[in-house]
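See structure below.
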Amino acid sequence: MKYILQCLSLSVLSIYLLNGCIDDKSEGAYIPLSEINFEVGQDSFYTDYGSQTVIPAPKITQTMGEKELTYEWRASLQKGSNEDSLKYISYDPELQYTFRELGEYRVRLRVSNGDVSKMYNYRVFVRTAFIEGLFVLSADEQGKGRTSFLRTSQESDVWQGVESEFKTHAVEAVNPEIVLDDPTDATSGNMRGGSVLYLTCRKSQKIYQFDNKTFDLLYIFDVKQELPRIKPVAVVTGFKGPYPGDPATLYVMPDRGNAAGLNPLNYFLYEDSQIFPAEAVYDKWAIALPPGNLHAFLYFMDNRRERMDCIFSVFFGMMTFTSNSRDIFKGYHVLNLTGRTSEERGGMSELWTVATDKTNVSRVRITKFMESGMSFTAFDDPKEKSYEISDPLTLTGQSTMVMAHNNLGVCFYNNGSKLYRWKYVEGNAEVQPLPVEADAVLSVEGEITSLEASTNRLYLYIGVWNPRAIG
């Protein structure tokens, strides 16, 4: 009985003690916390690949004084409906970070003051700076190359008030270890997985392959090791394969001698005597690639042999035929040539040549060759214009010929500091003579070194070398 009473007493005492805790009116048990509030001016940021992203530290207020704050930045790359795990990238109040992949990132900032933590999510869009725009290849008096890029303004640039920036050292900034020694040519091509950029350097005998969107280096073709005789001056893009992303056939043009093939898929150069005779010395070339890339013509002029060799490829390069100009250019020196596709003839190819008589340089012959269906030759149905001149010819072998939009029937070319516009056909497709010196449409201070048409051939870009220019 005594044991039961003792247990009962202990139970009653426990109840009273529990009630005492619940009914305690003292304030010593409450600990106030300093809450954190964010004031963010911008939550979405656009940055160029390879450039540093800067997100300013948000303005932060606390409900209780100014406690010491710690910052933690994490980021994850969005992949469709999935997302990478968040990775630490910084502990500074202001984020300064270079993202190494293209795409959309969720960037999370976590701020703590010892009492509480608060998080805020930003969006960062890392885009390529080089997706669309004007690419410029140049070199100084010592032959050291430089690449520059002016990007076409995007919609996001407009609403953010971002002005177009002419980026100098575009490729070099991404690949600081590369020195472009005597660069001569820049050409775009296709590879499985995306487009690529080829830069040709004559003195070092190297061809660099870069990603066309990021300018990351993909491969270096060391021509000196594989074909020592070739000092490359250009890469000519041939014919794409029948499937999306198939690499194009490429040909390497030397400063002297015959051309060589370049296999971009297996990364090697090769001789092809069936296409390029060993005795050939090509000094001019042109390409006519119609829409759809079903067939195309490549033209290579050898003035020493007075012959032009042609590669005709059909069905996306699955079949290739060769032909030559026979005696068409016998006794003539071809100064320049250009290829085009004729929309009015259903995308058929045309070749235009300007030549002078070797025995009388005052005698000029302009010839227009037209593709003749599936005859596998580019030298059918020629239309000629022969005439004599008293003043020097305004077109030279160093001129760049650029055909304007097909419907305009206009060709632009340069000579020194002057730009000429040649209306090459009139009326019933009669070939017209070249403009004379007085017909120049533009004269600049310095030397016009390059011409390039926009993709729709409605705009003409002019590169000028002026050693007296400032800036």
Just checking, any donor-acceptor pair under 3.5 angstrom between side chains of [X] and [Y]?
| X | Y | answer |
| --- | --- | --- |
| Thr322 | Asn324 | no |
| Asn121 | Arg108 | no |
| Ser417 | Glu445 | no |

- Close side-chain approach of Leu419 and Leu451, heavy atoms under 4.5 Å: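 The answer is yes, as the side chains (C-beta and beyond) meet within the 4.5 Å cut-off.
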More than 12 foreign heavy atoms under 6.0 Å from [atom1] of [X]: is that the case here?
| X | atom1 | value |
| --- | --- | --- |
| Glu452 | CD | no |
| Lys330 | NZ | no |
| Tyr459 | OH | no |
| Arg256 | CZ | no |

Counterpart residues, ring pair (Phe, Tyr, Trp, His ring centres under 6.0 Å), relative to [X] (two or more places apart):
| X | value |
| --- | --- |
| Tyr97 | Phe99 |
| Tyr420 | Tyr413 |
| Tyr461 | none |
| Trp285 | none |

At their closest point, which heavy atom of [X] faces which heavy atom of [Y], and how far apart are they?
| X | Y | result |
| --- | --- | --- |
| Thr98 | Ser51 | CG2-O, 3.8 Å |
| Asp185 | Val233 | CB-O, 3.2 Å |
| Asp216 | Arg100 | OD1-NH2, 4.1 Å |
| Tyr105 | Glu101 | OH-O, 3.0 Å |
| Pro254 | Val252 | CD-O, 3.7 Å |
| Trp422 | Gln432 | NE1-O, 3.1 Å |

Determine yes or no for a side-chain-to-main-chain donor-acceptor pair under 3.5 angstrom, with [X] supplying the side chain and [Y] the backbone.
| X | Y | value |
| --- | --- | --- |
| Asn258 | Glu279 | no |
| Asn414 | Ile448 | yes |
| Glu172 | Thr147 | yes |
| Ser76 | Leu86 | no |
| Tyr332 | Ile328 | no |
| Lys284 | Gly397 | yes |
| Gln205 | Pro228 | yes |
| Asp211 | Ser195 | no |
| Asp309 | Phe300 | no |

Does the separation of the ring centres of [X] and [Y] fall below 6.0 angstrom?
| X | Y | value |
| --- | --- | --- |
| Phe215 | Phe210 | no |
| Tyr122 | Trp73 | yes |
| Phe125 | Phe45 | no |

- Full working for salt bridge (charged side-chain N to carboxylate O under 4.0 Å, His left out) between Lys358 and Glu306: CA-CA 11 Å; Lys358 287 186 175 181; Glu306 300 180 345; 3.0 Å; yes
- Item | side chain to side chain contact (heavy atoms under 4.5 Å, CB included) between Met401 and Leu395, worked out | CA-CA 9 Å; Met401 302 176 70; Leu395 180 77; 4.0 Å; yes
- Query: Should Ile207 and Leu262 be marked as a side chain to side chain contact (heavy atoms under 4.5 Å, CB included) after you check the CA-CA gap, both sets of side-chain angles, and the distance that decides it?
  - Reply: CA-CA 10 Å; Ile207 300 172; Leu262 186 151; 4.0 Å; yes
Pair up each side-chain donor or acceptor in residues 135-142 with any protein partner under 3.5 Å, not counting sequence neighbours, and list the distances.
unit_1, atom_1, unit_2, atom_2, d
Ser138, OG, Arg146, O, 3.4
Asp140, OD1, Gln142, N, 3.0
Asp140, OD1, Gly143, N, 3.0
Asp140, OD1, Lys144, N, 2.9

- Message: With side-chain contact (heavy atoms from CB on, under 4.5 Å) as the test, pick out the partner of Tyr208 among Leu180, Val196, Asn175.
- Response: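 With Tyr208 as partner, Leu180, Val196, Asn175 yield a single side-chain contact (heavy atoms from CB on, under 4.5 Å), made by Leu180.
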- Task: Please report the C-alpha distance between Asn303 and Met301 in whole Å, then the side-chain angles of each, then the deciding distance to 0.1 Å, and finally whether the side chain to side chain contact (heavy atoms under 4.5 Å, CB included) criterion is met.
- Result: CA-CA 6 Å; Asn303 275 304; Met301 184 64 208; 3.6 Å; yes
- Message: Nearest 0.5 Å, please: how far is CZ in Phe412 from CZ in Arg421?
- Response: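 Result: 5.5 Å between the selected atoms.
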- Query: In Å and rounded to the nearest 0.5 Å, what is the OH to CD1 distance from Tyr251 to Ile287?
  - Reply: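 One finds 9.5 Å between OH of Tyr251 and CD1 of Ile287.
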- Under the side chain to side chain contact (heavy atoms under 4.5 Å, CB included) criterion, do Ile220 and Gln209 qualify, and how do the steps go? CA-CA 6 Å; Ile220 301 176; Gln209 184 193 74; over 6 Å; no
Run the salt-bridge test on [X] and [Y] with the 4.0 Å N-O cut-off and return the result as yes or no.
| X | Y | result |
| --- | --- | --- |
| Lys203 | Asp182 | no |
| Lys418 | Glu437 | yes |
| Glu271 | Arg229 | yes |

- Just jot down the side chain to side chain donor-acceptor pair (under 3.5 Å) partners of Gln52, sequence neighbours excluded, or say none.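 If we apply the side chain to side chain donor-acceptor pair (under 3.5 Å) test to Gln52, skipping adjacent residues, there are no hits.
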